[in-house]
Protein chains: 2
Amino acid sequence: MAQTSDTTSYKDIKLTVLERIRSGQWQPDSLLPNEEALAVEFSCTRTTVNRALRELADEGYLERRRKAGTRVLSAPQRQARFTIPMVRDEVEALGGTYRYALVSAGSEPAPEWLNARLALNPNQSVMHVRCMHFNGNTPFQYEDRWIVTASVPQVEQADFSQIGPNEWLIQTVPFTNVELSFMASRADATLAGFLDMPVGDPVFTGERITWLQGQPVTFAKMFFAAGYRMTTEF
Amino acid sequence: MAQTSDTTSYKDIKLTVLERIRSGQWQPDSLLPNEEALAVEFSCTRTTVNRALRELADEGYLERRRKAGTRVLSAPQRQARFTIPMVRDEVEALGGTYRYALVSAGSEPAPEWLNARLALNPNQSVMHVRCMHFNGNTPFQYEDRWIVTASVPQVEQADFSQIGPNEWLIQTVPFTNVELSFMASRADATLAGFLDMPVGDPVFTGERITWLQGQPVTFAKMFFAAGYRMTTEF
DNA sequence: AACTTTATAAAGTCTACACAAAATGGAAAC
DNA sequence: GTTTCCATTTTGTGTAGACTTTATAAAGTT
């Protein structure tokens with residue numbers, strides 16, 4: 001009798017635990033009964049309780065420490081998960097037609113600020129790619145990207161006239177580490193031109209740094225057209 | 001012999017699988033061997049393989065379907081997890097001293113746009129709270145919030161002069177569902193005053209809607225001072 | 001050819017048990 | 001009184017095995 005329909009599953013336990021926190025039965029910072037006790041209460045094995053509590057901890061509701069036990073987090077560290085889609089998917093999810101256009105691409109010595117930003121050795125060469133992403137004929141995102149040649153030598157042969165640098169990189173360099181930031185910036189003349197908006201208008205902006213095993217791979221700035229919102233539910 | 005030091009752990013398996021994807025040994029969209037086969041290969045039980053693959057799927061590298069098997073996602077749906085901290089924690093993490101100041105609080109009939117936004121019935125009363133969050137004496141965030149009285153009747157008695165509405169709500173209403181958006185907006189005169197910045201400057205802005213079991217609880221706009229970045233690593 | 005049913009393969013989950021690792025609190029040593 | 005060390009508790013992770021659920025492919029039916 002491994003698992004009958006009236007078994008308490010780890011999902012049931014998760015719900016019950018959440019309900020007890022919610023109702024105040026288990027106050028913030030208070031200690032939960034240990035796994036063994038809960039296993040008895042729910043008449044299941046400790047394994048099942050373990051999975052439920054482990055997932056709740058992972059979701060930011062509980063804190064668990066060996067010997068110390070499991071406690072309710074006072075300020076639930078709720079984590080918003082933003083799926084970082086590729087621009088193509090994002091546009092298509094809006095029901096639009098994705099279109100890509102290369103603005104410029106070429107090798108150049110890495111500028112000072114990029115050296116600093118990526119901790120590059122001086123005099124390294126980088127591939128500088130600028131491109132546009134459209135939703136139909138409406139500008140969606142302007143992308144300004146630098147790719148470190150030393151980390152991705154193949155970039156010298158890449159043809160960015162048909163495929164965007166992000167899609168190319170995902171195919172070419174299976175990245176390991178990403179640092180992603182979002183901010184609000186101001187449209188200068190160039191940006192205003194590309195995104196078809198007045199100079200000085202606020203622009204939702206993302207910056208992305210990608211590292212491959214400690215080596216900097218690429219730095220990208222992404223400027224979104226007016227009205228863009230990044231949304232998530234949790 | 002449950003677990004000796006030379007056992008293959010689920011973490012080892014995760015690393016190995018990632019390595020094989022990375023190296024191209026397992027191409028995108030290709031099918032992995034099934035759990036049983038992998039268990040034999042790694043000389044461990046299916047349980048252990050299952051955990052490894054389950055977590056990798058959860059992290060967005062794999063897709064698993066019963067009977068269909070496990071396959072490598074072509075475009076890894078890497079998910080950025082932004083921890084949504086409370087302002088106090090965020091300021092303190094910066095090494096600053098958090099200070100809170102109430103601007104205004106009072107009941108009023110819900111404005112039209114809020115009715116629409118939260119799907120409220122007409123003529124409902126809401127508590128409108130405006131407040132500032134400081135890092136020392138530097139403005140950090142201006143918050144404009146509406147709390148639905150019908151959903152949280154206690155709000156009529158709440159004293160927002162000492163505690164921020166967000167902290168109050170977290171203590172009072174254990175929320176279930178949040179919709180969070182970020183965008184860039186423009187500082188109008190009011191905002192420019194509160195955040196000590198020039199009128200017209202870009203402002204990183206967040207909007208947060210909270211629902212409790214289908215009932216709208218609160219709508220909040222959060223305006224961040226100049227230079228704010230929301231950052232995550234993954 | 002198109003639809004329906006059915007066997008089956010694969011992941012999903014549970015039981016029962018065992019050993020491992022970490023952290024804590026108190027005993028022992030200083 | 002303070003520090004060091006160790007036993008104990010609690011979570012972490014593994015083994016072995018079984019039953020469950022679901023999607024698919026193949027067989028059968030219209």
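Chain A is the first sequence line, chain B the second, and so forth, proteins listed ahead of strands; every chain is numbered from 1.
Taking atom CD on A/Glu36 and atom P on D/dT8, their separation rounds to 16 Å, with Å as the unit. In this entry the distance linking CG of B/Leu31 with P of D/dA23 reads 16 Å, nearest Å. Spacing between atom CD of A/Glu35 and atom P of C/dA20 amounts to 18 Å, rounded to whole angstrom units. Atom CZ of A/Arg54 is separated from atom P of D/dT11 by 13 Å (rounded to the nearest Å). Per the geometry, CZ belonging to A/Phe42 stands 16 Å off C1' belonging to C/dC14, to the nearest Å. Put simply, CD on B/Glu55 is 16 Å from P on C/dA11, counting in whole angstrom units. Counting to the nearest Å, the C1' atom of C/dC19 and the CZ atom of A/Arg46 are 11 Å from each other. A straight line from CG of B/Asn50 to C1' of D/dA18 spans 14 Å, rounded to a whole angstrom.
Dashed line: the shortest gap from a side-chain N or O of A/Arg64 to OP1 or OP2 of D/dT10 is not under 4.0 Å. OP1 or OP2 of C/dT13 has at least one side-chain nitrogen or oxygen of A/Tyr10 nearer than 4.0 Å.
Across the interface with DNA chain D, nearest-nucleotide mapping of B/Lys67 and A/Lys67 shows A/Lys67 to be the residue nearer the 5′ end. If you find the closest nucleotide of DNA chain C to A/Thr48 and to B/Asn34, the one lying nearer the 5' end belongs to B/Asn34. Summary of the strand contacts: A/Thr45 and B/Ala68 both lie near DNA chain C, and taking for each the nucleotide with the nearest heavy atom, the more 5' one is attributed to B/Ala68.
For A/Arg65 and D/dT11, a side-chain-to-base donor-acceptor distance below 3.5 Å is absent, hydrogens and geometry of angles not being considered.
With hydrogens and angles ignored, the 3.5 Å screen pairs no side-chain donor or acceptor of B/Asn135 with any backbone N or O of B/Thr138.
Using a 4.0 Å heavy-atom criterion, one finds that A/Thr47 contacts the bases of the nucleic acid, with or without backbone contacts as well. B/Arg51 comes within 4.0 angstrom of the backbone, heavy atoms only, and of no base.
Aromatic ring centres of A/Phe219 and A/Trp113: separated by under 6.0 Å. Ring pair A/Phe204/A/Phe182: centre-to-centre distance below 6.0 Å.
In summary, the side chains of A/Glu90 and A/Tyr228 do present a donor paired with an acceptor at a separation below 3.5 Å, with no hydrogens or angles considered.
Between A/His133 and A/Tyr98, the ring planes are parallel. Angles under 30° get that label, and only those over 60° would be called perpendicular.
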